[in-house]
Enquirer: 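My questions all concern the structure below.
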Amino acid sequence: MTNTVRVIGYAAAVGVVGSVILSNWLTTRYGFIPVGFGQEATAGTLAAGAALALRDAVQDALGKAGMLVAVVIATILSYFVSAPSIAIASAAAFFLAELLNFLIYTPLRHRSRLGDRRWAAAVTSSSIAGALVDTAVFLGIAFGAAAIMPALLGQLIGKAWATILYLVLGRSVAHRLTKRTTRVDETVQAHQAPSTPN
């Protein structure tokens with residue numbers, strides 16, 4: 001594993017932990033907020049969507065174990081800043097969504113490169129499936145089964161905004177890495193080229 005990949009993995013893991021904690025704190029403090037199209041979602045939905053997207057970068061760089069460690073840390077820290085019911089609901093929802101992610105994202109990701117269409121399909125597919133499971137479980141535990149259907153669409157819209165942002169950032173990072181790799185290759189080739197005699 002290169003240092004760059006490791007740094008990206010740790011940064012994404014910190015992002016996941018921070019997103020989960022922020023999501024739970026916002027939901028505890030503000031409840032439901034508008035997310036567009038006349039829908040409402042829990043205040044932490046955008047942050048939760050960021051966590052669902054960033055987890056893919058963590059898994060790519062640090063593996064499944066690294067991702068699960070990040071979720072455990074986020075769950076423990078959430079108890080200090082959010083209502084216990086929110087923290088418990090978040091932990092259950094995220095663990096189930098992560099198990100589903102292992103079944104969908106992991107096999108699709110192995111056949112793709114960061115920023116390409118297959119990568120985008122892997123992120124989108126796992127985010128949709130994860131968002132559905134995460135939302136249903138979270139709402140059911142935190143607010144009761146009656147809250148699932150009225151809030152489902154709003155939750156999915158909120159998480160979709162975060163997934164779209166992640167896809168745009170992923171393509172941008174892939175483009176920059178490709179340009180940098182090309183420059184390094186050209187420099188190496190220039191130094192290896194035999195000099196022509198005078």
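Basis for what follows: all heavy atoms, side chains included, without hydrogens, waters or symmetry-related copies.
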Enquirer: Using 0.5 Å steps for rounding, measure from the CG atom of Leu62 to the CD1 atom of Ile8.
Expert: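 One finds 10.5 Å between CG of Leu62 and CD1 of Ile8.
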Enquirer: I would like to know whether Thr75 and Ser90 meet side-chain contact (heavy atoms from CB on, under 4.5 Å); could you show each step before the answer?
Expert: CA-CA 8 Å; Thr75 300; Ser90 173; 6.0 Å; no
Enquirer: Is it possible for you to say whether Val58 and Val14 belong to one hydrophobic cluster, with membership spreading through side-chain heavy-atom contacts below 4.5 Å?
Expert: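 No, Val58 does not connect to Val14 through the hydrophobic network.
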Enquirer: Could you check whether the rings of Phe143 and Phe32 sit parallel, tilted or perpendicular, using 30° and 60° as the cut-offs?
Expert: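 The arrangement is tilted - the two ring planes meet at 30° to 60°.
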Enquirer: Would you confirm whether Ser82, through its side chain, and Trp25, through its main-chain N or O, come within 3.5 Å as a donor-acceptor pair?
Expert: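 Not at all, since once roles are kept as given, no pair shorter than 3.5 Å links the two residues.
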Enquirer: Working to the nearest 0.5 Å, report the span between CD1 of Ile86 and OG of Ser23.
Expert: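 Atom-to-atom, Ile86:CD1 and Ser23:OG are 8.5 Å apart.
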Enquirer: Before giving the answer on side-chain contact (heavy atoms from CB on, under 4.5 Å), spell out for Phe95 and Leu100 the whole-Å C-alpha distance, their side-chain angles and the decisive distance to 0.1 Å.
Expert: CA-CA 9 Å; Phe95 271 114; Leu100 185 62; over 6 Å; no
Enquirer: Please report the interatomic distance OH(Tyr105) to CE(Met67), rounded to the nearest 0.5 Å.
Expert: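 Reported value, rounded in 0.5 Å steps: 11.5 Å.
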Enquirer: For the atom pair CZ (Arg6) and OH (Tyr10), what is the distance rounded to the nearest 0.5 Å?
Expert: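 Arg6 CZ to Tyr10 OH: 5.0 Å, rounded to 0.5 Å.
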Enquirer: Return the CZ to CG distance between Arg55 and Leu68, rounded to the nearest 0.5 Å.
Expert: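 It is 11.0 Å, given to the nearest 0.5 Å.
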Enquirer: Would you say Ile73 and Val81 are hydrophobically clustered, going by side-chain heavy atoms of ILVMFWY under 4.5 Å?
Expert: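 Shared cluster, yes.
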Enquirer: Residues in side chain to side chain donor-acceptor pair (under 3.5 Å) with Gln155, at least two apart?
Expert: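 Counting only residues at least two positions away or on another chain, Gln155 forms a side chain to side chain donor-acceptor pair (under 3.5 Å) with Thr42, Thr45.
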Enquirer: Decide yes or no on side-chain contact (heavy atoms from CB on, under 4.5 Å) for Phe80 and Ile21, but give the supporting numbers first.
Expert: CA-CA 9 Å; Phe80 296 101; Ile21 294 170; over 6 Å; no
Enquirer: Taking atom types as modelled and ignoring hydrogens, do the side chains of Ser78 and Asn24 form a donor-acceptor contact shorter than 3.5 angstrom?
Expert: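 Their side chains do contain a donor-acceptor pair, which is all the 3.5 Å distance test asks for.
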Enquirer: How far does CG of Leu22 sit from OG1 of Thr27, to the nearest 0.5 angstrom?
Expert: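 Going from CG on Leu22 over to OG1 on Thr27, the span is 9.0 Å.
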Enquirer: Walk me through it: do Val71 and Val20 pass the test side-chain contact (heavy atoms from CB on, under 4.5 Å)?
Expert: CA-CA 8 Å; Val71 175; Val20 172; over 6 Å; no
Enquirer: Check side chain to side chain donor-acceptor pair (under 3.5 Å) between Thr135 and all other residues, then give those that pass, not counting sequence neighbours.
Expert: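 Listed in chain order: Lys159.
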